[in-house]
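What follows is a single structure, written as structure tokens, with notes after it.
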Amino acid sequence: MDSSKDQENVESTKCVWVHGPIIVGAGPSGIAVAASLKQEGVPSIVLERTHCIASLWQNKTYDRLKLHLPKHFCELPLMPFPKDFPKYPSKYQFISYMESYASHFNIVPRFNQSVQSAEFDPSSEIWVVRTQDFVYISPWLVVATGENAEPVIPNIPGMDLFHGSIVHTSVYKSGSEYKNKKVLVIGCGNSGMEVSLDLCRHNATSYMVARNSVHVIPREMFGLSTFGIAMALNKWFPLKLVDKFLLVVSSFMLGNTNHYGIKRPKTGPIELKLATGKTPVLDVMEGVKEITRNGAKFVDGQEKEFDAIILATGYKSNVPTWLKSCEFFDKDGMPKMPFPNGWKGEQGLYTVGFTKRGLHGTSCDAINIAKDISHKWKTIKDKSYCNSHIVLLKNS
């Protein structure tokens, strides 16, 4: 690029001093931190790359999605779900809850602000966050983009040869467009299972690929939430014993899943969830070797024809693409420090939404972050230079 244009871009960039933390991401994690900070009397600014809050829920989820855990495990700090919401709220009810939550705490993110880079300046001890048209500076940075920022698209040989459509669940909405079609679903987590069920309800024939072993357990046992039972038992018994109990009851209710070609992992369902973030399937062919023009070849030698392929292959963090010179995160964009200590880094860096424990983990982190920043923010003596927590600085 021409150096004169470079200089022109630098000079035209507007600098914004934020007298409070900069929060990157207006999903449940970012909004929860902003609300918790406001409760402590601390101002903040929330930067969001899209035009709305909870953009993953609003734009990249399928129509039949519901919370997989009872609502009391998924509520954000300081505000429960409405009492008239069902035990497992729908996607649209959760979005309504998020919008009401943001409105209640008067949280107004700066939309269409895509963070290009964030870096700590040791000489001035501030964080410098650059978007496409602003530079935001603050002593504190809260990374709230979470572990589900970008879809994971596997590189399977032959994908470019397939005659039909190949889509990720982030763009899948309903099985209505797949009526009377043979559809291969790659991935057997909650999304893969629910999409397969949705396809069947719309008269499509679905086939699911399970590359690894997987736990299938009922969402409820004895009329109670399976997750709730597990958490209650874990207060009194070792986790391995709790997992054994869940597997015994699951076997009694569902039978031996090996008979259906679904092999269970050696690690128990809750222990696996806490260690890797992989949720046991609540409510199968071998892995794909390659995609062909008319279908797929599997590692066990089978070959089948399909009309469409849906990738239920999950999401990943995007932190490495914009957070610079930071050793707190690993190469996959996850905090190196495990839960419950992964919410706080050094030099004013905080993270929320990376616990692998869903919305409950988000709430715990949000409360911890707000209390920690509040203590530091209130020790700043000179806060009276301006009556606003956002100051537009003029370039010299």
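Between Y315 and H168, the angle of the ring planes goes over 60°, which puts this pair in the perpendicular group of the 30/60° scheme. Ring orientation note: the planes of W377 and H19 are tilted relative to one another, at an angle of 30° to 60°.
Between F85 and L67 the shortest side-chain heavy-atom distance does not fall below 4.5 Å. Considering only heavy atoms from C-beta on, V33 stays 4.5 Å or farther from I373 through its side chain. Considering only heavy atoms from C-beta on, L141 comes within 4.5 Å of L349 through its side chain. The shortest distance between side-chain heavy atoms of M193 and M208 falls below 4.5 Å. The shortest side-chain heavy-atom distance between M98 and Q58 does not fall under the 4.5 Å cut-off.
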- prompt: After noting the C-alpha distance and the side-chain angles of W140 and V42, does the key distance pass the side chain to side chain contact (heavy atoms under 4.5 Å, CB included) rule?
  reply: CA-CA 12 Å; W140 304 286; V42 180; 5.9 Å; no
task: Just do the side chain to side chain contact (heavy atoms under 4.5 Å, CB included) check on D307 and Y178 with the steps written out, would you?
output: CA-CA 9 Å; D307 300 305; Y178 297 93; over 6 Å; no
- request: Could you check I309 against F162 for side chain to side chain contact (heavy atoms under 4.5 Å, CB included), going step by step and ending with a plain yes or no?
  value: CA-CA 9 Å; I309 297 175; F162 185 61; 3.9 Å; yes
query: Please walk me through it: do C52 and N59 pass side chain to side chain contact (heavy atoms under 4.5 Å, CB included)?
result: CA-CA 9 Å; C52 62; N59 303 324; 3.8 Å; yes
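Under a hydrophobic-cluster definition in which Ile, Leu, Val, Met, Phe, Trp and Tyr are linked whenever side-chain heavy atoms come within less than 4.5 Å, directly or via other members, L69 and L239 are assigned to the same cluster. Using a 4.5 Å cut-off between side-chain heavy atoms of Ile, Leu, Val, Met, Phe, Trp and Tyr, with links allowed through other members, V152 and L311 fall into different hydrophobic clusters.
Distance CG/L323 to OG/S117: 9.5 Å, rounded to 0.5 Å. Distance check: Y97 OH to M79 CE gives 6.0 Å after rounding to the nearest 0.5 Å. A distance of 9.0 Å separates CG in L47 from CD1 in I23, rounded to the nearest 0.5 Å. Note that CD1 of I45 is 13.0 Å distant from CG of L37, once rounded to the nearest 0.5 Å. The line from CG of N203 to NZ of K179 is 6.0 Å long, rounded to the nearest 0.5 Å. In this structure, the separation between CG on D365 and OG on S36 is 10.5 Å, given to the nearest 0.5 Å.
Smallest separation of non-hydrogen atoms from K60 and K173: N-NZ, 4.0 Å. In terms of heavy atoms, V209 sits closest to L184 at CG2-CD1, 3.4 Å. Residues E40 and A370 come closest through the heavy atom pair CG-O, 4.0 Å. Contact between T313 and I186 at its shortest, heavy atoms only, is CG2-O, 3.8 Å. Closest non-hydrogen pair, P335 versus F354, comes out as CD-CB, 3.5 Å. Between S174 and D63 the shortest heavy-atom distance is CB-OD2, 3.8 Å.
A donor-acceptor contact closer than 3.5 angstrom links the side chains of D121 and S124. Looking only at atom types and distance, the side chain of N294 has no donor-acceptor partner in the side chain of T292 under 3.5 Å away.
Environment of NE2 in H51: sparse, with no more than 12 heavy atoms of neighbouring residues, nucleotides or ligands closer than 6.0 Å.
Between F306 and Y207, the ring centre distance stays below 6.0 Å.
With sequence neighbours left out, Y350 forms a side chain to side chain donor-acceptor pair (under 3.5 Å) with D372, K376.
Under 4.0 Å is where a charged nitrogen must lie from a carboxylate oxygen, and between K336 and E346 no such pair does.
In this structure, R110 satisfies the cation-pi test against F134, with its NZ or CZ atom closer than 6.0 Å to the six-membered ring centre and inside 45 degrees of the ring normal.
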